[in-house]
Amino acid sequence: MMTVQTTIKVAITGAGGKMGQEAVRMVTSTPHFQLVAAIDTKDEGKLLSEIEGMPNIDVPMYSDLHKALSEQNADVLIDLTNPKVGRKHMEIAFEHGVRPVVGTTGFTEQDVQELSKIAEEKGLGAIIAPNFAIGAILMMKFSQMAAKFLPDVEIIEMHHDKKLDAPSGTAVKTAQMIAEVREPKQQGNPEEKEELQGAKGADFQGMRIHSVRLPGLVAHQEVIFGGVGQTLTIRHDSIDRTSFMPGIRLAVETVMKIDLLVYGLENIIE
Ligand SMILES: NC(=O)C1=CN([C@@H]2O[C@H](COP(=O)(O)OP(=O)(O)OC[C@H]3O[C@@H](n4cnc5c(N)ncnc54)[C@H](OP(=O)(O)O)[C@@H]3O)[C@@H](O)[C@H]2O)C=CC1
Ligand SMILES: O=C(O)C1=N[C@H](C(=O)O)C[C@H](O)C1
């Protein structure tokens, strides 16, 4: 028997940004998704068909998320904006009974806890994933495996120079996943003095995180483990933002079937 897939109506915040434009292309080229609203700081009142580089469809652009969700009947909100507004957008989505799928980074553990509570109270699915690329998820999972045996580890994340948050959401998530299995320990020589402030990077439970920002980069991370007489390096490179789209598509499909907040794509791919 043939199964008929129900259409999922999607709104996107940050639709005019680097990730948002890619997400608009992904949503509009997925047969069982329908883009109903695009929200950004620019192009209020225009149709996507009137904006250069956007698909030739008559979907309205909004700058006010409340207005967009009141006027258009969305099932899911994909948020790809910035750390200052991402949380507010989730709260607005919940108010309208819309399920958020959030790639925006910079959420604190407290944000995730508080938003989980709202999702639970409302009985609405929600997904926050600091990285939607399957290769990055594998990098994090492999790093978690390695940390059981090699607890001395440093993370070097490298991104384009327009990024607004450091360290990256992926680096923080990697450190959190490693911390779940690693014996807490302070690494390096306790006598070492930082002669130039910041030289040793950020400290996450004794693990160091270094953020590199350069033009030409997209999104890259190395997790380096050190043991007696050996090192192990696990590296992932997103060389194009299309790498994140299959993960976002899966999250949009999954969020319709759950009634709680899931933090991390690794929790829905298996
Ligand atoms: N989870 C993942 O796999 C990935 C996550 N990211 C994250 O996604 C986010 C977006 O990244 P990227 O596309 O590179 O960033 P961009 O700066 O290119 O895009 C962000 C867009 O959001 C818009 N925006 C800002 N405030 C609002 C608002 N209040 N309402 C609607 N739109 C708004 C911006 O407009 P304006 O320019 O006017 O501010 C901009 O167009 C970042 O947090 C990044 O870390 C990125 C890649 C992958
Ligand atoms: O800003 C980006 O570009 C990216 N942000 C995410 C992060 O902070 O980890 C995901 C990916 O690394 C790209």
Side-chain angles (χ1 to χ4, degrees), residues 11-26 37-44 51 53-54 60-69 77-93 100-108 111 127-137 139-140 155-177 202 209 211-223 235-252 262-266 268-269:
I12 302 177
T13 28
K18 292 183 284 299
M19 280 291 285
Q21 289 186 38
E22 204 59 68
V24 165
R25 281 191 281 277
M26 181 277 287
I39 304 101
D40 204 285
T41 52
K42 314 163 268 288
D43 297 315
E44 156 90 54
I51 304 167
M54 288 292 194
M61 280 294 290
Y62 291 86
S63 59
D64 182 338
L65 180 57
H66 268 300
K67 188 166 180 247
L69 297 184
L77 174 72
I78 300 176
D79 186 77
L80 297 161
T81 55
N82 65 54
K84 279 196 200 137
V85 295
R87 174 173 175 155
K88 188 73 209 155
H89 287 172
M90 283 190 78
E91 289 169 352
I92 294 173
V101 165
V102 177
T104 303
T105 47
F107 284 81
T108 63
D111 285 328
I127 295 174
I128 302 177
N131 202 309
F132 282 109
I134 183 66
I137 303 305
M139 166 189 62
M140 291 186 243
I155 298 171
I156 306 174
E157 55 95 342
M158 295 156 274
H159 281 84
H160 58 93
D161 61 348
K162 301 288 179 290
K163 189 157 175 61
L164 291 175
D165 52 323
S168 70
T170 309
V172 173
K173 187 75 164 90
T174 307
Q176 288 169 340
M177 285 172 67
I209 305 180
S211 297
V212 178
R213 299 288 177 262
L214 285 172
L217 293 172
V218 179
H220 318 259
Q221 182 167 294
E222 282 186 4
V223 187
R235 180 176 171 120
H236 175 258
D237 297 273
S238 268
I239 52 177
D240 192 281
R241 290 183 178 82
T242 49
S243 60
F244 304 112
M245 296 305 130
I248 299 185
R249 186 183 292 119
L250 174 69
V252 170
V262 172
Y263 173 52
L265 195 73
E266 67 281 4
I268 64 167
I269 56 173

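Whatever order the structure lists them in is the order used to number ligands and atoms, beginning at 1.
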Close-contact set for ligand 2 against Asn131 heavy atoms, below 4.0 Å: 10 (C), 11 (C), 12 (O)

Side-chain (Gln21) to main-chain (Gly16) donor-acceptor, under 3.5 angstrom: yes

Atoms of ligand 2, numbered as shown, that sit under 4.0 Å from any heavy atom of Thr105: 6 (C), 7 (C), 8 (O)

Contacting atoms of ligand 2, where contact means under 4.0 angstrom from a heavy atom of His159: 2 (C), 3 (O), 4 (C), 11 (C), 12 (O), 13 (C)

Donor-acceptor contact below 3.5 Å, side chain Glu266 vs main chain Ile137: no

Pairing of Arg87 and Asp111 as salt bridge, 4.0 angstrom limit: yes

Region of Gln221 engaging ligand 2 - heavy atom pairs below 4.0 Å: neither

Donor-acceptor contact present, side-chain Ser63 to main-chain Thr41, <3.5 Å: no

Find all protein N or O atoms under 3.5 angstrom from an N or O atom of ligand 1 and list the pairs with distances, or write 'none'.
from, atom 1, to, atom 2, distance (Å)
ligand 1, 1 (N), Gly103, O, 3.1
ligand 1, 1 (N), Ala129, O, 2.9
ligand 1, 1 (N), Pro130, O, 3.1
ligand 1, 3 (O), Phe132, N, 2.8
ligand 1, 13 (O), Lys18, N, 3.3
ligand 1, 13 (O), Met19, N, 2.8
ligand 1, 18 (O), Lys18, N, 2.9
ligand 1, 18 (O), Lys18, NZ, 2.9
ligand 1, 35 (O), Asp40, OD1, 3.2
ligand 1, 35 (O), Thr41, OG1, 3.1
ligand 1, 35 (O), Lys42, NZ, 3.2
ligand 1, 37 (O), Lys42, NZ, 3.3
ligand 1, 38 (O), Thr41, OG1, 2.5
ligand 1, 38 (O), Lys42, NZ, 3.4
ligand 1, 41 (O), Gly17, N, 3.3
ligand 1, 41 (O), Asp40, OD1, 3.2
ligand 1, 41 (O), Asp40, OD2, 2.9
ligand 1, 41 (O), Lys42, NZ, 3.0
ligand 1, 43 (O), Thr105, N, 3.2
ligand 1, 43 (O), Thr105, OG1, 3.3
ligand 1, 45 (O), Thr105, OG1, 2.6
ligand 1, 45 (O), Lys163, NZ, 3.0

Residue portion contacting ligand 2 (non-hydrogen atoms closer than 4.0 Å) for Thr170: both

Atom NZ of Lys84 with >12 non-hydrogen neighbours under 6.0 angstrom: no

Nearest-0.5 Å distance, OG1 of residue Thr81 to NZ of residue Lys88: 13.0 Å

Side chain, backbone, both or neither: the part of Ala219 lying under 4.0 Å from ligand 2 by heavy atom: side chain

Gap separating the OG1 atom of Thr105 from the CG atom of Asn82, nearest 0.5 angstrom: 9.0 Å

Within reach of ligand 2, part of His160 (heavy-atom separation under 4.0 Å): side chain

Gln221 and Thr174 side chains, donor-acceptor separation under 3.5 Å: yes

Atom pair CD1/CG of Ile269 and Leu250 - distance to nearest 0.5 Å: 8.5 Å

Side-chain H-bond candidate by donor/acceptor type, His220 with Glu222, under 3.5 Å: no

Any N or O of Gly169 closer than 3.5 Å to N or O of ligand 2: yes

Ligand-side contact atoms (ligand 2) for residue partner Ser168, heavy atom cut-off under 4.0 Å: 7 (C), 8 (O), 9 (O)

Salt-bridge present (Lys163, Asp161; N to O < 4.0 Å): no

Residue, atom name and distance, where the atom is the protein heavy atom closest to atom 5 (N) of ligand 2: Lys163 NZ, 3.2 Å

Shortest heavy-atom approach to atom 10 (C) of ligand 2 - which of Ser243, Pro130, Ser211, Ala129: Pro130

